[in-house]
Structures are given as structure tokens and as C-alpha cells.
Amino acid sequence: MERFDVCIVGSGAAGGTLAAHLARRGIKVAVVEGGPPVNTRTAFNTHALPFEFPNRHIPRMKPGVEGYESERARGVGGKTLWWNAVAWRFSHRDFKGRSIDGAGEDWPIDYPDLAPYYDIVEREVGVCGNRDGLEDLPDGIFQPPVPLKRSDRIIQRGAARLGLRVIHVRKATLSRSMDGRPACHFCGNCMAGCDVVAKYNSADVHLRPATSTGNLTIFPNAVVREVTVSRENRVTGVEYIHRLHRKEGRIDARTVVVAAACAPSVGLLLMSRSRLYRQGLANSSGQLGRHFIPHFTGGVQCFLKDLIGTPPVNDEGFLDHAYLPSFMHERKRDYARSFGAQFGYHNRRSAGWARAMPGFGEAYKQSIRERYPAFMTFSPYGEMIPNPQSTVTLDPKKKDIHGLPLVKRNYHWGENDLKIFADMQRWSVAVLEAAGAEILTVSTRPMPNHELGGCRMGTDPRTSVVDPFCRTHDVPNLYVVDGSVFPSASEKNPTLTIMALAARTAEHIAERLRKNEV
């Protein structure tokens, strides 16, 4: 059996970046993915419309195309096939939130440690945006920003009345063609899969070129059930169950990187019990699965009065073209940390708001037609403060089709979280009303979003699971690279930071392999 230098569990943003960076350096890499290969040009219902399907529900994949039916059976490319591609850099304030605000947890690294790797990733994947000169939102290496939509301009004027600044969004979606990928054609279906790869996905942009080096082997349909460890306290590889025929298999490697996404990665380590680690692999601290800190969102649905009754136009773009960046850190408040807001989503594929409208018959239909061009969703994202009651665990009763325990998320919203939620809802309504909006609905409770935490990065093995290079404190040749390692969350979308961490970790692993230290 071939023994690889590195085995990576997961093929998404972290796994794809890691694999490409290692393979380019001549390192023999195996990527193990629980789902099937996906033809990104033909597999998705990218341009389908609701009326073409029963109950107006558009399935993710076309008939007969497998994948994404469960958390442990996605597809090669992971969640990058479906993400909205928003790509922010974290700032010094995000990395050192406890020192600055007195709450949360400081990262053991700071912005200068990760800035070179943000540069590398932005060049590779293509990020469009504007250099806005904001201290809390560092500028990067950008393609030109996409134009603001007419609804964005209305929100921008309303926010300005309150002294707030609305900027162009930054996305890993091309505004100019690059490396054989065309610029976005603004079909408005970004989260239904991009069938031209204007939007980054790891399968096309990182993994496919890496296979041409001869150093990368992808094992699809391989649901990993355990990371194995020797009596000498070294990981030796992974054991998996084939998703289709249920046969068991094994991959041997000198180094293992778990990059399966936040909660699944924590779940895999918890499942990987042994004589050395009875409470989960690399869990001598007891911290594995603790301090789960997903983003929480609110949401306000509204109609912009200036657009009610105007003729419908093709204004979907690539969903959200603008952003309200964090501003509360400069203001007096009774809570720590902050929030930012994405908005837009005027989209013909998603008109569920029509169910909330009153009326019946022709008058009802006319009111929907009039308000369709004016509809907007305003989605603020808040930063959750780590707490030991918010956890990722294995469900003791429920198992998946492979007989593996399901991962269970346990949310505990603290006092600070609830204060942020209340304030970000208040500010959202204020901005919309200043823009002349007719409010339709306002969320009344926080909802979890991007999953982070549970495998905390730190310098103290007693209070963290991995070190500043994402290597576990307990096992010297085991790494974890995804959102689970975040000690604190920020209010910003995390994927660009995950990819920068992966590029940094790849460099570290390559150097250790060169020195024969693993």
C-alpha cells in the first residue's frame, strides 16, 4: 500500500488550498472526500426556476447526480461549490479582541503573521473589491469592484444619513477573466453553484491543477470514520467507509490534516478514540468540542419605497454587491465586539416573502408584482463570545447511514451575544428606515451561521487543542485546519482566513517534511 506524505480529510476551502500548496512543493498528497466527484459545469440546477419543480423547491443537483445528501457525503470541492464567496480579511482587532475589548480570546497570531498568506490566496483565487482604507477591514489585492446596484445606492444614502459608510462587497468572484476563468455574468445564482467557475471553488481552481503535478491523489466517496494513532503517539493515516458499497478502506500517511469543516472535524476527532485518547484524539486538554462560536445572524425583510411599482429589471448581479462594515467598535456601547451587515438578495429564485403578504386574488398578485423590484433582505452578522456551554458533541443516540454517530451542535447565547443581536437589529431597522424602507419582517432571535470554534488554537496545551501552526499539541504529526481552530470569531465571513491559514500551514508542513521532522 502506498504511503503518502500528507493525507488531508476534506476537499473544501482548507483542504483544496493545502493540497495545492503541498503538491506544488513536490509532496505526495492524498485528499479524502466523503462525497463524489462533481462536474461543476453540468451537475447543478444553476439557472433553474422554482416553477419548474414540485412545491417550487429547486434541488441542488440535477436528476441522477449524487452528492450533498448529508453532512458526510458532500462532493469534491466541499462547500466552496455552494458558498456566496464573500472574502474579508480579519484585522488586528479581530485577532486580539480580548486585549482590546476585554472579552473573548486572543489569537496566538496577529494580522502581520497572516497578511502574506492573504496576499497569496487573493492572487490565486481572484477577489474583487475596493481598497477602502478601513483600519478594521484591511485592504487586499483586488480585481475591480462590481458596480453597486440601484438598491445598494438607496441603502448607501440612508446609511450616510446616520453617519455610516456602505462599501463595495469583496468576493472571490471574478470581475475580470483570469487563468481561463471568465468574469461573472451576473446570473444571480451564486449559491446554486457556478457553472463557469467565475466564482472560486476548490475543485476547479486548486485541486484540478494540483493533480497535473502527479503529486495529488483524490479519494472520493470515502467517509472517514477514524484517524489512527500508533503506540508511539503518531498518527498513521485514516480509516474510511466507502459511501456507495460500504466497504472499509485505509490510507497511510506520514502526516494527517483534518480539514472537514468545523463541526465535522471536531466530530471526527471525537470519534477517533484509542487507548491513548479515550475522550477523543488530541483531547488531553478536554477542550475539544468546547467554545463553539458560530456567527449569529438577524434579518430584516423590507421593500424600498423608491422601487415599489417600478418596472422589474435584471438587477440580481452576483447577489450582494455592497456591505455595511463594522462600526460599533468606535462607539460607546454596553457590550464587547461588533457586527456588520450583508444585504441584497433580490432574486427570482427566492420569493418566499410573498407568503407574508396580505390579500387574495388579482389584488394580491398585483401587490406582489409592484413589490418584487423593491424587495430586500438585510442580514447583519454578529460575533459570538466563546463560552464553555456552547459545544460540539457526538449524539449518543442518533447515527448516520454508515453507523457513525451524528454530530450535535449545542448553542448557548450569552448576555453579550444577546446585546449584540438586539443592537444589530435596531441599527438594521434604523438604516432601512433612513433609506425609506417599508419593513416587512424583523427576526426576533439569533440564528447560527458560519460554524467556528471547538478546536481552539493557542500556545497553552492545557487550554487549547492546536498551536499557532494548526498542529495539535498532543500529536506532533496531526493538524487541524478549518474554522474549528478559531479562538474568536469576528463578525466577518471566515473563509478567506481559513484559506490563508491553510497556505501558512502548508508551508510549515513542507518545511518539517524537508527536515524529516515528522
Side-chain angles (χ1 to χ4, degrees), residues 49-51 56 84 86 146-169 186 188 190-191 296-328 339-382 420-447 449:
L49 293 173
F51 62 78
R56 303 295 192 264
N84 192 28
V86 174
V146 297
L148 296 184
K149 298 187 284 187
R150 55 181 184 169
S151 55
D152 299 330
R153 296 290 187 188
I154 293 170
I155 297 296
Q156 191 176 51
R157 291 194 296 268
R161 295 186 181 105
L162 303 178
L164 308 182
R165 182 177 177 185
V166 167
I167 65 172
H168 290 83
V169 75
F186 296 150
C190 305
M191 298 184 77
F296 56 87
T297 62
V300 180
Q301 294 183 320
C302 71
F303 304 104
L304 299 177
K305 293 178 183 178
D306 288 353
L307 300 180
I308 293 176
T310 61
V313 297
N314 184 5
D315 199 25
E316 294 180 351
F318 62 12
L319 298 183
D320 45 333
H321 284 211
Y323 182 67
L324 176 66
S326 168
F327 58 88
M328 289 305 299
F339 58 88
Q342 296 174 214
F343 52 91
Y345 306 106
H346 159 79
N347 190 274
R348 67 193 184 282
R349 289 168 61 98
S350 178
W353 56 268
R355 297 188 186 97
M357 296 294 294
F360 187 78
E362 185 59 34
Y364 170 76
K365 293 178 181 179
Q366 183 61 31
S367 72
I368 300 302
R369 292 189 187 98
E370 290 176 351
R371 281 169 171 74
Y372 175 78
F375 177 76
M376 170 173 282
T377 294
F378 202 86
S379 301
Y381 286 76
I420 292 179
F421 176 78
D423 210 30
M424 72 187 198
Q425 295 296 83
R426 181 179 68 83
W427 273 102
S428 296
V429 171
V431 168
L432 292 170
E433 289 180 340
E438 174 188 303
I439 305 298
L440 178 64
T441 63
V442 181
S443 299
T444 58
R445 59 190 180 94
M447 294 296 293
N449 199 275

Chemist: Hey, could you give me the SG/CG distance between Cys190 and Leu319, rounded to the nearest 0.5 Å?
Modeler: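 Separation between the atoms: 4.0 Å.
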Chemist: Would you compute the distance between atom CG of Leu307 and atom CZ of Phe375 and round it to the nearest 0.5 angstrom?
Modeler: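 Interatomic distance, Leu307 CG to Phe375 CZ, rounded to 0.5 Å: 13.0 Å.
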Chemist: Between Phe339 and Phe327, does a ring-ring contact (aromatic ring centres under 6.0 Å, His included) hold up when you go through it step by step?
Modeler: CA-CA 8 Å; Phe339 58 88; Phe327 58 88; 5.5 Å; yes
Chemist: Can you tell if the side chain of Val146 reaches within under 4.5 Å of the side chain of Phe186, non-hydrogen atoms only?
Modeler: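 In short, these two side chains touch, coming nearer than 4.5 Å.
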Chemist: So, does Asn347 use its side chain to make a donor-acceptor pair with the main chain of Arg349 at under 3.5 Å?
Modeler: yes
Chemist: For His168, check side chain to side chain contact (heavy atoms under 4.5 Å, CB included) against everything at least two apart and list the hits.
Modeler: Asn130, Pro145, Leu148
Chemist: Nearest 0.5 Å, what's the CG-CZ distance between Leu432 and Phe343?
Modeler: 9.0 Å
Chemist: Can you find a heavy atom in the side chain of Arg56 that is under 4.5 Å from one in the side chain of Phe51?
Modeler: yes
Chemist: Might you point out which heavy atoms bring Ser151 and Asp315 nearest each other, and give the distance in Å?
Modeler: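 Heavy atoms only, the tightest pair is N-OD2, 4.5 Å.
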Chemist: List the atom of Ala434, the atom of Arg161, and the distance in Å for their closest heavy-atom pair.
Modeler: O-NH1, 2.6 Å
Chemist: Compare every heavy atom of Ser379 with every heavy atom of Tyr381, then report the nearest pair and how far apart it is.
Modeler: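 Closest approach of Tyr381 to Ser379: CD1-O, 3.4 Å.
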Chemist: On a heavy-atom basis, which atom in Tyr323 and which in Ala341 lie closest, and how many Å separate them?
Modeler: CD1-O, 3.1 Å
Chemist: Looking at CH2 of Trp427 and CG of Leu324, how far apart are the two atoms once the value is rounded to the nearest 0.5 Å?
Modeler: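 CG of Leu324 is found 9.5 Å from CH2 of Trp427.
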Chemist: Should Lys149 and Asp152 count as an ion pair when the cut-off is N to O under 4.0 Å?
Modeler: no
Chemist: Could you state the interatomic distance from CZ (Phe421) to OG (Ser443), rounded to the nearest 0.5 Å?
Modeler: 5.5 Å
Chemist: Are side-chain N/O atoms of Gln301 and Thr441 paired as donor and acceptor at under 3.5 Å?
Modeler: yes
Chemist: Under a 4.0 Å N-O cut-off, is there an ion pair linking Arg369 with Glu362?
Modeler: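 Salt bridge between Arg369 and Glu362, a charged N being under 4.0 Å from a carboxylate O: yes.
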Chemist: What's the separation between atom CG in Leu440 and atom CH2 in Trp353, rounded to the nearest 0.5 Å?
Modeler: 8.5 Å
Chemist: Using a 3.5 Å distance criterion without hydrogens, assess whether the side chain of Glu316 forms a donor-acceptor pair with backbone atoms of Arg348.
Modeler: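 Yes: the side chain of Glu316 pairs with the backbone of Arg348.
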Chemist: For Arg165, what residues pass the side-chain hydrogen bond (donor to acceptor under 3.5 Å, both in side chains) criterion, not counting sequence neighbours?
Modeler: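 side-chain hydrogen bond (donor to acceptor under 3.5 Å, both in side chains) check on Arg165 returns nothing, list empty.
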Chemist: State whether Arg371 and Glu438 are salt-bridged, where the test is any N-O pair (Lys NZ or Arg NE/NH1/NH2 against Asp/Glu carboxylate O) under 4.0 Å.
Modeler: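 Salt bridge: yes.
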Chemist: Find out whether Arg150 and Pro373 are in side-chain contact, i.e. whether some heavy atom of one side chain is under 4.5 Å from a heavy atom of the other.
Modeler: yes
Chemist: If you compare all heavy atoms of Tyr364 against all heavy atoms of Ala354, which two are closest, and at what distance to 0.1 Å?
Modeler: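 It is OH-O, 2.6 Å.
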Chemist: With Gln342 as reference, evaluate Thr377, Thr297, Asp320 under the side chain to side chain donor-acceptor pair (under 3.5 Å) test and give the passing residue.
Modeler: Asp320
Chemist: What pair of heavy atoms forms the shortest contact from Gln425 to Pro380, and how long is it?
Modeler: OE1-CG, 3.5 Å
